Each structure stands twice: as C-alpha cells, then as structure tokens.
**Q** 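Below you'll find the structure I mean.
Quick caveat, the model's predicted, so the values are computed rather than measured. Proteins get letters first, then strands, A, B, ... in listed order; numbering begins at 1 in each.
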Amino acid sequence: METKNIIIVGVGGQGSLLASKILGHLLLNEGFDVKVSEVHGMSQRGGSVITYVRFGDKVYSPVVDKGQADFIVSFEILETARWLSYLKAGGQIVTNTQQIDPMPVITGAAEYPSNLVEKIRAQGIKIDAMDCLTLARQAGSQKAVNIVLLGRLSHYFDIAEASWQNSLKANVPPKFLEINQKAFELGKNFSD
Amino acid sequence: MKELMLGNKALARGLWEAGVKFVSSYPGTPSTEITEEAVKFDDIYCEWAPNEKVAMESAFGASLAGRRAFCGQKHVGLNVAADPLFTLSYTGVNAGLVAVVADDAGMHSSQNEQDSRHYAIAAKVPMLEPSDSAEALNFAKLAYEISETYDTPVLIKMCTRVAHSQSVVETGERVEVSKAYEKNIAKYVMMPGNAKRRHPIVEERTKKLIEFAETTPINRVEFFTDELGIITSSTCYQYVKEVFGEGASVLKLGMINPLPVELIKNFAAKVKRLVVVEELDPIIENHVKSLGLKVEGSNLLPRIDEFSQNLIAEAFGKTIPNSTFPIPNCPPRPPVMCAGCPHRGLFYSLKKRKCTVLGDIGCYTLGAVPPLSTIELTLCMGASIGATHGFNKMLGKESESKTVAVIGDSTFMHSGMTGLANVAYNQSNSTVIILDNSITGMTGHQQNPSTGFNIKGDPAGKIDLEALCRSMGIKRVRVVDPYNLKECDAAIKEELAAQEPSVIISRRPCALLKTVKHKPPLYVDKDKCIGCKSCMKIGCPAISMRNEELGIRNYNDAKAIPHSSFLIPNSAKAVVDQTQCVGCGVCSQLCPKKAFASTKEA
C-alpha cells in the first residue's frame, strides 16, 4: 500500500499529542509500518503546532510535506487554513470550527479571517467542519475535542470500530474512558 | 516485541538494555525525554544536574567507578560540557561512557543551529548518528561496546526529527556490566607530562576507529544503480529513500566520526554521479573531497535549516506534488506566555518603567514578543547577568538606573550564579531579577536544585536563593509576588535607584504545574467595561476584545459560557476565555472601572 499521510494541526496545548498517540497505536495494531512526528518545546506555548502521522507498508520520512496530506485533522479553523498547502489534491479535512485568537489578533495588529470554512469549501476542498468544543462538553469534558475529531476521522477509515475502541482504551486513563468513548461516538455520528 | 516508540524513549531503552546504571543530564529540547524515560527504569540511577558540564563530569565519575554511564544534552548544552569532553578523549573511560547531543536544525526550540559533528572531530571521539527509533535503541547499545573496546567516550548525535518521531522498534533484554576501579595516575591525571603521553594514544585510536568504520554494519551500502550514488546519514537517509526508493544507490553512514576512507572510495568508484545529502555543514562532503573524489552536495542543497522530502526532490530536479492554494492573510500564531504565567506581571512592570531588559534562556524569552516587547537580549544560558554587568560598567549611571537582567530559577542554577559572583566581586551596580517559577518550564517541567525535589519528584536538597545571593555579597535581596503589580513596580523602582547591586526574586510557581491550585476564572462585567483596552497591554491569550459588528465567533461557545459578554452590540469590550483563564487577576489590576470579577463570586 502506498503511504498515507495525516497531519494534525492546532494550537499548542490543545491535546494533539494524545490524538497522534492513539492513531499510532491503532495503525500499528492494524499491521502498518507507522511513523509519528511531534513538536515539543517552545512551539507548545500557545503557538501553531503540527503533528505528522504516516502509515503504509514501509514508511521512510517521519514528516509530511506540502501537497502530501491525505487528511488534515484540525483543532482550530485558522490552523486548518494555515496548513492547507499540505493537503493533497482530493484530500479530506476534518476540522473543529473553534476559533482561538492568536496574539496579533488579540493585540489588534491583525484580523481573524472570516468565513474560513466557506472559503475553503469554495476551493472545491472536501471539508468536514463541526463545533467539537460543544460536542466535547456534551460528552462531559471540553478536553475531549481531540477524541471528537478522531471519532469523525474514523468515519473515513476502513478500520473496525472495535480496533478504535481498543486503542482508545489503551491510551486514555480509565477514569476518563467513558467521557472519551462518548466524545468518539458524538464525533463519529456527527452530521451537518 | 514490536512497539511504536519515540526516538528519545528508544534511546533510553537502549541505555537500559546496555546495562547503564547512571544517567545525569540537564534538560534541553530535543534531548529531554531521554532522561525522563530513563528514570522510569528502576535499575538506572537518574538525576538532573545543574548544568551539562556537571552532568558529564558526574557521568564520567560513574564510568570511572566501573559502571556504564550516560549524559544527554541539546547541541548548545554540549558547548557547556565541551570542557570535560575534550580531555575525556585523552583519559578514556573505565566502564562505557556515552553522551547524546541533540541538534535542532530548523531551530524549533533553540537559539542557533550549530552542527555538533564538529565537536566529535575536534575532540577526536567517535560519533554515531541514528536515523530512526530502532537505530537509536541499537546504536545506544553499540556505543557502549565501542566506548569500552576503544577506551573512549562516545557521542550519539540525535536531531529533532529522530528524537521526536515515533517509529517501530524491537526491544531486547538488559545485560549487566560492571568493572573494578583501579588507580591509574598516568591515565587519569591530565597534567602536561601525562597528557603528552595520552595524545598519541588518541591518534592511534582514531586510526583503529577508521578501520572499524570501514567494516561496521552500521555503515552500509544499498546498491541499486550506477547512475547515482548518495552518501547520507540520520534523517536525511529517510528523505533520500522516500524520494528515490531504488532509484539511487545509497551509502548510509551510521557512524559519522571518524569517517571511512576505503568504503567511500569503493562506493564512489561504482557510481557515475556522487552526491552527499547532509543537513547543515558540509562535513561528509569535505571529507569526500579530501579523498580527491568528485562529489556534489553544497551546489544542490542549502546549508541552513532542516531538509524534507520535497526539498531533496526539488534539488534533484524532480517534480513535487501540487499543493492546495492556501488562504491568504492568515495571521501568524507565535508562541505566547500562557494565561496565568507568573512572568507576565513582572514584564508588564518592566515595560511600564521603560527598563532595558537583558534576558536569558527560558519561557520568559517570550517577553520579547508583542505586546510586551520588553526583552532586548537573549544569547545563551546565564548571559543576562554577565551582559548586564558589562553594559553597566560601560554606561554607568545612565544604564544602572534602568537596566535589569532577567533569568529563570533553573537558568540561574545552570550558569547565572557565576555571573552574579562577578557582579558582587567586581562591584557593578546591577539589578538582577530571578524569575523563580519553581520549575524548569520551557522543556516541560523538570526539577532543579532550587525546587526542593529530585527527578522522581521526591524531596531533595533545596538551595535557598535568597541566602545564596546574600552569601555572595549581595546585600539587597528581596522577594516579590509577580501577580501583585504594585509590589513589582515598587521593587523595580527602588532596586534600580539603589547605589549597589541588588537581586529581586519574583516568586510564583508556573501556572501549568499540576500542584498549583487556580482561582476560578474571571469574567468582564459588560456594563462596567468601557473598552479602554488597558487589560490588553499584558498580552494575555485569555483576553480579547469582542464586538458583534466584527461577526459573532464561537456562538455556541459563547452560549455555553456563563457571564459571557460576547454578544454586546456596537462596542468592543473585553471578554475572558474561561477555558484558559486561571484567575490570576493581573488584568483586573489594570482596569480603571473594576470590570473584572470572579465567576465564583458572581
């Protein structure tokens, strides 16, 4: 199988490390060669962050380059727009519609672009956009945004539900499992 | 067992399997997790040292005692540890001694992108360079064999993409190694007479290591075609394989110092075109040239930043995938001080007093970005104090009354103490602010000698910063709470005016520490807020100005938050993001209308 590429983007501190951990666990169990590349250190302090997940028969480079991502999984809509150039032609976006103002917007030096989902869709790009924060709160914790997104991503994968559940269970603390399972379902079954 | 493992964790696993008993490191991205993972093995003693030099010396002490030992650091950390390294090359080791140096091409979290391979060459020690997690694990084990066989410390060079990428590893079992210590003055006492006798041994060792490099399986040829031969190592190997597959023959070097000679000559003889693909400096390329071979590299590839598969594909004239047209005018999202960061209040006070702030390495470097834009220098660990001393000595009263050094607690322990000794000894009228957030912050919360806890979180020796500064001869030492702006302002004003050196300790634990209990988040009373933006001067990511005319954002979010003043028509008012606010109250001290209130009291 040709190597498939996912990038997970968001704002430092939003929980993308857990999302990539669960994906890595899942894909390895499905028998793929997997590489996951993370960012630590300064960029984690509220900056724009990107995590790369690659899987296939044999994966070499640990990073995804521009025009290569089969999927963009995004925690924040401005970040979706920022990393758009990484999407492969025909690739799919799964994104949270939440907006977190970057410092230049907070200080008034820049404006937060409006109607990003519509602008992206107008380019003929497949974008699945949802308010993950509200769904996560429905599940019981605003921190479960990452699992809502994974639930939605699972919709596009030909991998058994039981395998996803297994990887969820293996990577979240038992006391938060129920909330996360609910968040996964809410994401998976979301419809516009 | 097959597992997906972070490069740094795999390296730590390799240390454990190699029978390592002692690890001493100073944290630094991208090397930190090696030591954080090693500490999870009960049969390895692990510690955070005050700096990399002490870590390497301690690790050598353990090696001398006959136990396999390790220290890990980032590239600039090896600058600090270079002093012991260069002479350890002469003394050699007893039990194996291995040091990791983790480079950061692309400067994801560093102040420069120096190429650490120069150290291996200059110190005449072998250097291994893994290209994924499996090699990180295996090379760690091999490094100990090389160290003991050739009586030398061994460097392993990691880079961000190997250190912070997860790939598949197969784990093994631990071996136990221990040797007896024997007194050997000629080997270990490096006074000139002895050192003169050790240097030829070092040169002989390099010759033997070149022979090793010719045949070791970690330097391997993958021959597919005679059209193109690429010599490469580390993560560049992965990019080359990604781009060329079987379209190029590859000489993959796992050991990059010393470099083989015959292996390279033989490979070169088999291919029509020879190219070296390496990040940063042309070290392999220059070696190949020195053998009289025709080689390309620098003519095709940049000598700055990290590479990627697209970069290499383009350099070789291959087409790269079309990328989707990006959305124009996306505002950048630079890293910022977190909501509730204790540094914020102090930086606000420094900005208000128009101070010249000479900074240091840590989260507080973010005091240089808007809207605070306060820090005017960031160089290396500890430089804030030395630079302030020199600055004040030259400019006198003019700068003494407005210049401060700011340095974190961990950085002060690392390299700030000696700078303060210079201030005290050579009597500059300097003001030093120690930002004591009771942890090493930027690298992800490591303990240090001033926190009172060791690497495992158990109670440990605790250095009393106030007593330490006083004992150095600084008479004016005071502690302020950075959440209290009035207190900060008064302290800065008085200490800058004082006609002698002073230290202000700005003490408040990092807001991200799990042990810190936060107050309930604040909200803005929409009737009181006059939209003056006074609260925006501190650059808190939890506060923004909202106006319905700009379009409703996060409508669902706003509805879900109690007390939200999100939907006020026609005038921009301050809004607190309650998912971020930790109730520190710095903003409310700036509000002329007392519009901020606690969600708990409402």
**Q** Where is the tightest heavy-atom contact between B:V336 and A:G46, given as atom of each residue plus distance?
**A**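 Between these two residues, the closest heavy atoms are CG2-CA, 4.4 Å.
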
**Q** If you round to the nearest 0.5 Å, how far is CZ of A:R54 from CD of B:E242?
**A**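 Separation between the atoms: 4.0 Å.
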
**Q** Taking the side chain as every heavy atom from C-beta outward, state whether A:V11 and B:R333 have any atom pair closer than 4.5 Å.
**A**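 SC-SC contact between A:V11 and B:R333 confirmed.
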
**Q** Can you tell which part of A:V53 gets under 4.5 Å to a heavy atom of chain B, answering side chain, backbone, both or neither?
**A** neither

**Q** Could you tell me if the side chain of B:L4 sits less than 4.5 Å from the side chain of A:H25, heavy atoms only?
**A** no

**Q** Could you measure the distance from the CG atom of A:L28 to the CE atom of B:M5? Nearest 0.5 Å is fine.
**A**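 Between A:L28 CG and B:M5 CE, I get 11.0 Å after rounding to 0.5 Å.
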
**Q** Looking at B:S308, B:S323, B:P541, B:P328, which makes the most heavy-atom pairs under 4.5 Å with chain A?
**A**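 It is B:S323.
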
**Q** Is it true that, when you exclude A:E161 itself, more than 12 heavy atoms of the residues, nucleotides or ligands shown sit nearer than 6.0 Å to its CD?
**A**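 It does: A:E161 CD has more than 12 such atoms within range.
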
**Q** With a sphere of 6.0 Å drawn around NZ of B:K252, does it hold more than 12 non-hydrogen atoms of other residues, nucleotides or ligands?
**A**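 Buried by this count: over 12 neighbours within 6.0 Å.
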
**Q** Please determine, among B:P321, B:G28, B:P331, B:G444, the option with the most heavy-atom pairs under 4.5 Å with chain A.
**A**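 The answer is B:P331.
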
**Q** Working to the nearest 0.5 Å, report the span between OG1 of A:T51 and NE2 of B:H164.
**A**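 So the OG1 of A:T51 and the NE2 of B:H164 are separated by 11.5 Å.
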
**Q** Decide yes or no for B:R161 and A:S37: does some side-chain heavy atom of the first lie under 4.5 Å from some side-chain heavy atom of the second?
**A** yes

**Q** In Å and rounded to the nearest 0.5 Å, what is the CD1 to CD1 distance from A:I106 to B:I543?
**A**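 It is 8.5 Å, given to the nearest 0.5 Å.
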
**Q** Between the main-chain N or O of B:N310 and the side-chain N or O of A:D65, is there a donor-acceptor pair closer than 3.5 Å?
**A** yes

**Q** For A:E118, is the CD atom crowded, meaning more than 12 foreign heavy atoms sit under 6.0 Å from it?
**A** yes

**Q** Pick one of side chain, backbone, both or neither for B:Q580, based on which atoms fall under 4.5 Å of a heavy atom in chain A.
**A**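 Side chain only.
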
**Q** Which heavy-atom pair separates A:Y60 from B:K241 by the least distance, and what is that distance?
**A** CD2-CB, 3.3 Å

**Q** A:Q142, A:Q68, A:R82: which one forms the most heavy-atom pairs within less than 4.5 Å of chain B?
**A**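 Most pairs with chain B among the choices: A:R82.
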
**Q** Pick whichever of B:V168, B:I320, B:T235, B:V162 has the most heavy-atom pairs under 4.5 Å with chain A.
**A**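 Option with the top pair count is B:V168.
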
**Q** Do A:Y112 and B:C330 touch side chain to side chain, with heavy atoms closer than 4.5 Å?
**A**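 A:Y112 vs B:C330: side chains apart.
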
**Q** Tell me, out of A:V34, A:L116, A:T107, who's got the most heavy-atom pairs with chain B below 4.5 Å.
**A**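 Greatest number of close heavy-atom pairs with chain B: A:V34.
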
**Q** Heavy-atom cut-off 4.5 Å, strictly under: side chain, backbone, both or neither for B:C341 against chain A?
**A**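 Neither; nothing under 4.5 Å.
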
**Q** Tell me, side chain or backbone of A:I125 under 4.5 Å from chain B's heavy atoms, or both, or neither?
**A** side chain

**Q** Step by step, work out the side chain to side chain contact (heavy atoms under 4.5 Å, CB included) result for B:V369 and A:M103.
**A** CA-CA 9 Å; B:V369 301; A:M103 196 48 69; 6.0 Å; no

**Q** So, does A:D101 use its side chain to make a donor-acceptor pair with the main chain of B:S544 at under 3.5 Å?
**A**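 Side chain of A:D101 to backbone of B:S544: no pair is present.
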
**Q** Does any non-hydrogen side-chain atom of B:L6 lie less than 4.5 Å from one of A:E38?
**A**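 Result yes, sub-4.5 Å side-chain heavy-atom pair found.
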
**Q** Given heavy-atom pairs under 4.5 angstrom as the criterion, report whether the side chain, backbone, both or neither of A:Q138 touches chain B.
**A** neither

**Q** Counting neighbours of NZ on B:K351 that are heavy atoms of other residues, nucleotides or ligands and sit closer than 6.0 Å, is the number greater than 12?
**A** yes

**Q** With a 4.5 Å limit on heavy-atom distance, are the side chains of B:N329 and A:P113 in contact?
**A**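 No, too far: nothing below the 4.5 Å cut-off.
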
**Q** Apply side-chain hydrogen bond (donor to acceptor under 3.5 Å, both in side chains) to the pair B:Q309 and A:S61, showing each step before the final yes or no.
**A** CA-CA 7 Å; B:Q309 50 266 42; A:S61 170; 2.8 Å; yes

**Q** Tell me which of these, A:K88, A:K143, A:E79, has more heavy-atom pairs under 4.5 Å with chain B than the rest.
**A**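 Sorted descending by pairs with chain B, the first entry is A:E79.
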
**Q** Heavy-atom distances under 4.5 Å only: say whether A:Y52 touches chain B with side chain, backbone, both or neither.
**A**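 Side chain only.
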
**Q** Contact between B:P332 and A:P104 at the side-chain level, heavy atoms closer than 4.5 Å - yes or no?
**A**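 Yes, at least one pair of side-chain atoms sits under 4.5 Å.
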
